[in-house]
Amino acid sequence: MAFRTALRMNGRDFAAEVGISARMLVKWETGRTLTIRKQNQAALDTMLSTAGTAVQERFAALITAQAAAAEDTRTEQLLRREVQYVKSPRDGKLMVPVAEGIYLAGAEARPTWVAAYLIDVYPTTNADYQRFVSATGHPPPQHWPDGECPGSIYDHPVVWVTWNDAAAYAAWAGKTLPTSEQWEKAARGDKGRTYPWGDAPTAAKCNVLDSGIGRTTPVGRYQSGVSPYGVYDLCGNTWEWCSTQTKPAVMSVPDGDAEPIEVEPARYELKGSAFTSPFTRAAPALMNDANATMLDNDTGFRCASSS
């Protein structure tokens with residue numbers, strides 16, 4: 001029904017285009033469980049791919065609104081991308097390759113070359129961080145009761161982590177934090193989309209303040225908001241630490257041979273916005289930063305790798 005509405009076709013013409021009867025179309029649109037024949041699916045795929053940008057954006061808006069209203073994962077599967085994933089050997093997280101080349105960066109869409117890299121498909125979850133804490137003895141985040149992650153948030157992004165915590169996890173996993181350019185290219189693709197899903201400002205595709213959820217959500221929740229490379233949660237849910245420094249640490253050099261003392265921590269870029277942020281802050285081109293010791297209930301991270 002959503003696709004036919006996006007095409008603005010009547011039922012008879014749509015059925016004829018797909019190669020089915022009007023009666024079968026009624027069964028499809030009333031939600032009955034049916035097996036779609038290969039030739040009919042191929043016709044639908046061809047119609048969608050050749051429909052033009054306006055139709056595709058109307059279709060995306062319709063089905064993501066349905067998904068957001070009903071938390072219908074079946075509907076969101078319709079927009080899911082097929083991607084070749086790589087499994088990280090240390091922390092076991094799925095990563096996706098991003099080819100070397102130019103992408104359009106920043107609000108001014110400046111051509112920027114980035115070397116090939118891998119980036120985590122999902123933000124680092126509480127379950128991921130629990131394995132790191134167990135393996136290294138690193139202090140757990142403050143929202144875990146008695147230092148143990150509650151099962152109810154295993155698949156939510158870990159929060160209450162400083163840049164230093166995030167960098168420590170990345171080092172343990174044999175990876176790094178992404179640069180802001182790596183992060184932005186993974187979010188916008190090489191054509192410089194405004195959002196991971198395209199240029200349409202659709203808040204239903206991510207967990208932001210406008211969504212009214214008021215907390216983190218599972219990292220695989222917003223399938224319709226996936227980037228061109230198949231990366232999730234690059235708008236909303238949590239801000240993500242990057243390795244790009246915006247201001248170096250301020251050091252004090254005592255008299256004598258004593259080591260320099262850090263009196264003001266370095267600052268690093270944050271990307272992506274969070275469930276606490278309005279949708280107007282969600283565009284991946286926007287810049288935010290914080291000092292390396294900052295931690296909050298809306299700040300997490302993901303990792304990248306050059307190989």
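The structure displayed is predicted, hence computed values, not measured ones.
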Once rounded to the nearest 0.5 Å, what's the spacing between atom [atom1] of [X] and atom [atom2] of [Y]?
| X | Y | atom1 | atom2 | value |
| --- | --- | --- | --- | --- |
| T293 | E262 | OG1 | CD | 8.0 Å |
| S305 | K93 | OG | NZ | 14.0 Å |
| N297 | T276 | CG | OG1 | 6.5 Å |
| L270 | N288 | CG | CG | 5.0 Å |
| Q245 | T179 | CD | OG1 | 13.5 Å |
| S88 | M95 | OG | CE | 5.5 Å |

| For residues W144 and N126, is any side-chain donor paired with an opposing acceptor at under 3.5 Å? | yes
| Test item: side-chain donor near acceptor, T162 and D165, under 3.5 Å | yes
Is the backbone N or O of [Y] less than 3.5 Å from a side-chain atom of [X], with the two atoms forming a donor-acceptor pair by type?
| X | Y | answer |
| --- | --- | --- |
| R90 | W172 | yes |
| N207 | A274 | no |
| S277 | S273 | no |
| D120 | P123 | no |
| T136 | F132 | yes |
| S252 | I261 | no |
| E181 | T112 | no |
| S211 | V208 | yes |
| N10 | R12 | yes |
| K271 | L286 | yes |

What are the two closest heavy atoms between [X] and [Y], and how far apart are they?
| X | Y | value |
| --- | --- | --- |
| R193 | R188 | O-NE, 2.7 Å |
| A107 | A285 | N-CB, 3.8 Å |
| E184 | G106 | OE2-N, 2.7 Å |
| A292 | N164 | O-ND2, 3.5 Å |
| D91 | A173 | OD2-CB, 3.7 Å |
| K185 | G101 | NZ-O, 3.3 Å |

| task | Please work out whether the ring planes of F279 and W197 are parallel, tilted or perpendicular, with thresholds of 30° and 60°. | result | parallel
| task | Can you label the angle between the Y169 ring and the Y129 ring as parallel, tilted or perpendicular, going by 30° and 60°? | result | parallel
| task | List for me each residue that meets side-chain hydrogen bond (donor to acceptor under 3.5 Å, both in side chains) alongside K247, sequence neighbours excluded, and say none if there are none. | result | E264
| task | Starting from the C-alpha separation in whole Å, work towards a yes-or-no answer on side chain to side chain contact (heavy atoms under 4.5 Å, CB included) for F275 and D298. | result | CA-CA 7 Å; F275 71 90; D298 65 354; 3.9 Å; yes
Side-chain touch [X]/[Y], heavy atoms, less than 4.5 angstrom:
| X | Y | value |
| --- | --- | --- |
| Y195 | K205 | no |
| C206 | N237 | no |
| P284 | C235 | yes |
| S243 | P178 | no |
| C303 | F301 | yes |
| Y229 | D190 | yes |
| V159 | T216 | yes |
| P157 | T238 | yes |

State yes or no: do [X] and [Y] share one hydrophobic cluster built from I, L, V, M, F, W and Y residues joined by side-chain heavy-atom distances below 4.5 Å, directly or via other members?
| X | Y | answer |
| --- | --- | --- |
| W239 | M294 | yes |
| W183 | L94 | yes |
| W241 | Y117 | no |
| L177 | V161 | yes |
| L118 | V114 | no |

| Between V158 and T125, is a side chain to side chain contact (heavy atoms under 4.5 Å, CB included) present by the stated rule, with each step listed? | CA-CA 5 Å; V158 67; T125 65; over 6 Å; no
| Single hit among T244, T246, D289 for side chain to side chain donor-acceptor pair (under 3.5 Å) with R267 | D289
| said: Could you go through Y85 and V121, starting from their C-alpha distance and side-chain angles, then the distance that decides it, and tell me whether this counts as side chain to side chain contact (heavy atoms under 4.5 Å, CB included)? | reply: CA-CA 8 Å; Y85 295 121; V121 174; 3.3 Å; yes
| query | Is the closest basic N to carboxylate O distance between E240 and R302 below 4.0 Å? | reply | yes
| message | With salt bridge (charged side-chain N to carboxylate O under 4.0 Å, His left out) as the criterion, how do D155 and R221 come out once you've worked through the C-alpha distance, each side chain's angles and the decisive distance to 0.1 Å? | response | CA-CA 10 Å; D155 58 352; R221 167 71 183 89; over 6 Å; no
